[in-house]
There are 2 protein chains.
Amino acid sequence: MDDRTGQRTVAETAPRRPENRYGNRPTMKDVAARAGVGLKTVSRVVNGEPGVTPDTERRVQEAIEALGFRRNDSARVLRKGRTASIGLVLEDLADPFYGPLSRAVEEVARAHGALLINGSSAEDPDREQELVLALCARRVDGLVVIPAGDDHRYLEPEIAAGVATVFVDRPAGKIDADVVLSDSFGGARDGVAHLIAHGHRRIGFIGDQPRIHTAIERLRGYRAAMEDAGIELSESWVSLGATGPERVQAAATAMITGPEPVTAIFAGNNRVTVTVVRVLADHERPVALVGFDDIELADLLGITVVAQDAAALGRTAAERLFRHLDGAEEAPARIELRTALIPRGSGEIPPA
Amino acid sequence: MDDRTGQRTVAETAPRRPENRYGNRPTMKDVAARAGVGLKTVSRVVNGEPGVTPDTERRVQEAIEALGFRRNDSARVLRKGRTASIGLVLEDLADPFYGPLSRAVEEVARAHGALLINGSSAEDPDREQELVLALCARRVDGLVVIPAGDDHRYLEPEIAAGVATVFVDRPAGKIDADVVLSDSFGGARDGVAHLIAHGHRRIGFIGDQPRIHTAIERLRGYRAAMEDAGIELSESWVSLGATGPERVQAAATAMITGPEPVTAIFAGNNRVTVTVVRVLADHERPVALVGFDDIELADLLGITVVAQDAAALGRTAAERLFRHLDGAEEAPARIELRTALIPRGSGEIPPA
DNA sequence: CTGAAAGCGCTAACAC
DNA sequence: GTGTTAGCGCTTTCAG
């Protein structure tokens, strides 16, 4: 059983206690026994605490090495009460808007020594709640939530119990909490005003489902721009609903071929824009287009967009989260990030 | 202190034990005391175990509600030895290739009641190892890894200790482990053969850094196609390296303007393709292009690609992982997914 | 500088 | 049906 032989195959020299449920892993106790020291000394070495002789430390390190010991953070968490992990609940990680956002949150978490648990709500309020509560049961230190639902009172006990929470992209429903979002209203208004400045008056708006805050805000921006220009709008120019290709395609087709055909379309988000671009590509009469959200390759396709910075959204939210975790006692705030209109051609097409 | 008043504001009725580090949260013990039952009975109710009278159950549920109790999974994990979470280490969640992959892994995890912890290695082997070991310390049940490094012996003790591990996109280095990947060699060969079939003989290859397995495989495919066609290739047609825009732009420009200018380019991945498309857009002489990886809007730009299914990669890997966790004793395998050539125009341009 | 004992909140094993 | 006890692997406290 003696293995001072210095073999490289660490795994084989691990102790074989039969009933250990962690796949038979060595514990600090095992390390202590092997190094001939007390449990607490091992703890000190593992955590880099002072007060250990270099010689003792070496012996402990050797034992750790030989046994292939790795501290069990579950036990640590139980004792310390902090998991050094945060949760991020978003709509769909497969959406190109959320990848950079998640990555930005991860970077901030990493800088604070925390891991990130991701979850996709699929825009389903029940699933959002289920995920959030699962994360709370894991005792994540904090939560970044892109809300799917519009009632977050279920989070009140958690927040009261100390789970720092920041909402992103859309405000929380029925509770007072931090939120970081883009200026959807202003961005949409600017985009539509841009189309108006290029001579359009019959402008369509295709947006997401009305229960989604950003959809409503962008629609408000559209209406404001139209009103500012003194344009009376036809309700046949406005379409809200699911952003799947079928619905959007139908809506866009109806708008450009209907009785009062639009000469321009404002697309409410990246998914809408992509589908509208496809529809317009198959259409002979040129129709102008401005889309909310930037898209990869939009420059090559000459798509004018109102860009929001997904990474900045995530970064700002995460930084605020960690400021709370570090003890800052700031009142819930609403942080709004500016959008940027990027003209690339499609928004500058004159009315037919 | 009695609060049978049935107030809705759950948070306020929670007990105020002063020194609890979980932000003062009620435990099962508190619930038991309040419901006037034993600890184990609460545990039974919380976990839906049988053997509790409906009446007792109701009283316990009420106490849970009133206190805002939520089971502490950290303690549960410590006891049970399973965290019901898996880790996914990839290169960069902001890359559109990985979003869908991560989402697919998440869906499988969800179906098995597990959460997903994501981490980005930024293609840095040290960071990959750091992340993987942090996940192991958290005692994730399993690991899906898109390797950045080429030596994974550091994982041997973990795997031996029972951490199920599946590699994706690239094989593990120096250890024998499951891997799920796309047929990079075959895909690249098909893509280049497609260009050759359209009359090209001077074909460039721009790929990722040579330490990345897929880069090498795709280059091999390129060489194989060229050799099959009896084309002797000039080394000035081949360029491997970082896939940042600067390097790729320089490489592409050199190839199309050099002494032996290519009439077609095969792009080794999505990032390369995007940059090459931009370069070719500014170039007067038409140059054919086939890219590895599909890209959003590639259909509108008419980019011919060799598509791999990122979601299928993730799903397959995760399913294999959970099969292991469910006790299947399968030997490490290599699963290769087919790629699909999608002609859209850019690959069918004849040589100038 | 070092170690023994207590206990984090839960579940497993066994009483009653 | 229900409760009691022990203990998961670690950190905290406090004594040597």
Side-chain angles (χ1 to χ4, degrees), chain A residues 14-15 17-33 35-60 64 67-84 136-139 161, chain B residues 14-15 17-33 35-60 63-64 67-84 136-139 161-162:
Chain A
R17 282 171 304 123
E19 284 304 334
N20 187 321
R21 48 197 61 64
Y22 285 109
N24 196 11
R25 304 201 77 149
T27 71
M28 282 194 180
K29 203 172 149 193
D30 299 321
V31 175
V37 301
L39 179 57
K40 177 64 202 176
T41 302
V42 177
S43 175
R44 287 201 180 89
V45 171
V46 169
N47 296 302
E49 288 167 24
V52 183
T53 338
D55 183 58
T56 317
E57 167 153 11
R58 198 184 36 72
R59 271 167 46 229
V60 172
I64 287 174
L67 297 177
F69 168 80
R70 184 110 41 221
R71 182 181 65 197
N72 184 335
D73 277 351
S74 299
R76 172 169 228 250
V77 157
L78 180 60
R79 202 57 245 250
K80 300 202 73 139
R82 281 233 166 169
T83 54
C136 289
R138 304 280 171 119
R139 295 298 189 267
Chain B
R17 281 171 304 122
E19 285 304 333
N20 186 321
R21 49 197 60 65
Y22 285 108
N24 195 10
R25 303 201 76 145
T27 71
M28 282 194 181
K29 204 170 147 193
D30 299 320
V31 175
V37 300
L39 180 57
K40 180 63 202 180
T41 301
V42 177
S43 175
R44 287 201 180 89
V45 171
V46 169
N47 296 300
E49 286 168 25
V52 183
T53 338
D55 183 59
T56 317
E57 166 152 12
R58 196 184 39 70
R59 270 167 48 228
V60 171
I64 288 174
L67 298 177
F69 168 80
R70 185 108 42 220
R71 181 181 66 198
N72 184 333
D73 277 350
S74 298
R76 172 168 228 251
V77 156
L78 180 59
R79 199 57 243 247
K80 301 204 73 142
R82 281 234 166 170
T83 54
C136 289
R138 302 281 170 118
R139 296 296 189 266

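A, B, ... follow the sequence lines: proteins, then strands. Residue 1 opens every chain.
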Less than 4.5 Å apart, any side-chain heavy atom of Arg70(B) and any of Arg139(A)? yes
Rounded at 0.5 Å granularity, tell me how far OG1 in Thr41(A) sits from CZ in Arg59(A). 9.0 Å
Which whole-number value in Å describes the distance from Asp55(B) CG to dT2(D) C1'? 14 Å
Rounded to whole angstrom units, what separation is found between the CG atom of Leu78(A) and the C1' atom of dG7(D)? 12 Å
Donor-acceptor under 3.5 Å (Thr27(A) side chain, Lys29(A) main chain): yes
Which whole-number value in Å describes the distance from Asp73(A) CG to dC10(D) C1'? 10 Å
Can you pull out how bent the helix from dC1(C)-dG16(D) to dC16(C)-dG1(D) is, comparing the axes over its first five and last five pairs, to 10°? 40°
In whole angstrom, give the distance that lies between atom CD of Glu49(A) and atom P of dT11(D). 8 Å
For the CG atom of Asn72(A) and the CG atom of Leu78(A), what is their distance to the nearest 0.5 Å? 10.0 Å
Tell me the closest heavy-atom pair linking Val52(B) and Glu57(B), and the distance in Å. CG1-N, 3.8 Å
Please tell me if Lys80(A) has a side-chain N or O lying less than 4.0 Å from either OP1 or OP2 of dT12(D). yes
Taking atom P of dT11(D) as reference, at what distance in whole Å does atom CZ of Arg82(A) sit? 16 Å
Over how many whole Å does the gap from Met28(A) atom CE to dT11(D) atom C1' extend? 8 Å
Find the distance Lys29(B):NZ to dT4(D):C1' and express it as a whole number of Å. 13 Å
Could you list, one pair per line, each protein nitrogen or oxygen that sits under 3.5 Å from a nitrogen or oxygen of nucleotides 2-6 of chain C, together with the distance?
unit_1, atom_1, unit_2, atom_2, d
dT2(C), OP1, Thr53(A), OG1, 2.6
dT2(C), OP1, Thr56(A), OG1, 2.7
dT2(C), OP2, Thr53(A), N, 2.8
dT2(C), OP2, Thr53(A), OG1, 3.2
dT2(C), O4, Arg44(A), NH2, 3.4
dG3(C), OP1, Gly38(A), N, 3.3
dG3(C), OP2, Gly38(A), N, 2.8
dG3(C), OP2, Thr41(A), OG1, 2.4
dG3(C), N7, Arg44(A), NH1, 3.4
dG3(C), O6, Arg44(A), NH2, 2.7

Looking at Arg44(A) and Pro50(A), what are the two nearest heavy atoms and their distance? CD-O, 3.8 Å
Would you give the length of the straight line joining atom CE of Met28(A) to atom CD1 of Ile64(A), rounded to the nearest 0.5 angstrom? 7.5 Å
Mind checking side-chain hydrogen bond (donor to acceptor under 3.5 Å, both in side chains) for Arg138(B) and listing every partner two or more places apart, or none if nothing turns up? none
I need the CZ-C1' distance between Arg139(B) and dC8(D), as an integer number of Å. 12 Å
Looking at Val77(A) and Ser74(B), what are the two nearest heavy atoms and their distance? CG1-OG, 3.1 Å
At under 4.0 Å, does any side-chain N or O of Asn47(A) touch on OP1 or OP2 of dT11(D)? yes
